[in-house]
Amino acid sequence: MAERLPLIFVLASHLLITGVLSVSKLTIENKCDHTVWPVIFSWQSQVSTTGFTLEKGEARDIQAPSSWYGLISGRTRCSNDSTGNFSCATGDCESGTIECPGNYGWAQVTYLYFRIDNGGAGVNSHTVSVEYGYNLPVMVVPSQSSPTCMSSGCVVDLNKTCPEDLKKLSNRGKPIACSSACQQSNTPEACCNRDFKSKQNCKPTVYTQNFERACPLAHIYTYDDNNSTFTCPKSTDYVITFCPSSNPN
Ligand SMILES: *[C@@H]1O[C@H](CO)[C@@H](O)[C@H](O)[C@H]1NC(C)=O
Ligand SMILES: *[C@@H]1O[C@H](CO)[C@@H](O)[C@H](O)[C@H]1NC(C)=O
Ligand SMILES: *[C@@H]1O[C@H](CO)[C@@H](O)[C@H](O)[C@H]1NC(C)=O
Ligand SMILES: *[C@@H]1O[C@H](CO)[C@@H](O)[C@H](O)[C@H]1NC(C)=O
Ligand SMILES: *[C@@H]1O[C@H](CO)[C@@H](O)[C@H](O)[C@H]1NC(C)=O
């Protein structure tokens, strides 16, 4: 048995080293003039947090392990009620706390999808999606750059881009989010499902047209052109910025 130990040790340190190498660092930074409460939901593999507070000007690094497949969004205008129940005006995960450990219903917010070392293929992918709505301007900047590995994002002025009937207003009448036409009406036409389940039958809405114009690199609706997903080598790290000062387009 004694002779076996060094071998086990070598194997273990090998696993440790390859494990460390395939982690991607996701830096989430808040350049908004208000607090953002990010949510991290995982379909595959896990990261160390499901939800946290990011004060204005603050940044936090998340280590995303190989094969992590998940999404990141930002909640706004969160507060605790008198019973200590935590909830947010946009992107609430209905957990009653800052963490979002359970299921996550689709909310009217800007989503970022990541796949780290997708299926062991040695590539990561990232997508910015406003398919369900939009609440915060966001930009994703990979640490490497190539024609397939580009910065992506969606930065709009809600007053201009969001159709009037889809605007979500704060108590004071300020626009704080935009619901997608599908999320708002949930009709087969707006969601492109059932009889409308093909690109030809899926008619543009004012929402999809406005966002397509403002954010051509974002995923806007089910049959969107397939170039909103960018792929980078698995050694890539990412900086995700809520309220970047500049528009990626
Ligand atoms: C809500 O309460 C939690 C737990 O006490 C606290 O950590 C958090 O800062 C509070 N959040 C807000 C927005 O007041
Ligand atoms: C806490 O807030 C959530 C989201 O608004 C709500 O669904 C839930 O019923 C509340 N829980 C309590 C105990 O008030
Ligand atoms: C958007 O409209 C609201 C209400 O009309 C106004 O208070 C706000 O300043 C406008 N925001 C921008 C960025 O123009
Ligand atoms: C979109 O891209 C994915 C991955 O690159 C591919 O599997 C899929 O077939 C593409 N879909 C269309 C409609 O081109
Ligand atoms: C995305 O696809 C559309 C239609 O296929 C094309 O016109 C556009 O140039 C593409 N954009 C990028 C960034 O590749």
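Since we're looking at a predicted model, the values are computed, not measured. All heavy atoms count here, side chains included; hydrogens, waters and symmetry mates do not. Read the numbers this way: they start at 1 and go in the same order the structure lists the ligands and their atoms.
Side-chain contact between S235 and Q144 is present, with at least one heavy-atom pair separated by less than 4.5 Å.
Relative ring orientation between W43 and F41 is described as perpendicular, the plane-to-plane angle rising above 60° on a 0-90° scale split at 30° and 60°. Between F86 and W37, the ring planes lie perpendicular to each other; the angle is over 60°, past the 30° to 60° tilted range.
Side-chain atoms of H126 do not come within 3.5 Å of backbone N or O of C149 as any donor-acceptor pair.
C78 has its SG atom within less than 2.5 Å of the SG atom of C88.
Taking all atoms of both residues into account, the shortest heavy-atom contact from Y238 to C232 is OH-CB, 3.6 Å.
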Identify all N/O pairs between ligand 1 and the protein with a separation under 3.5 Å and present them as a table of atom names and distances.
residue  : atom   : partner : partner atom : Å
ligand 1 : 2 (O)  : N80     : OD1          : 3.2
ligand 1 : 2 (O)  : N80     : ND2          : 2.4
ligand 1 : 11 (N) : N80     : ND2          : 2.9
ligand 1 : 14 (O) : N80     : ND2          : 3.1

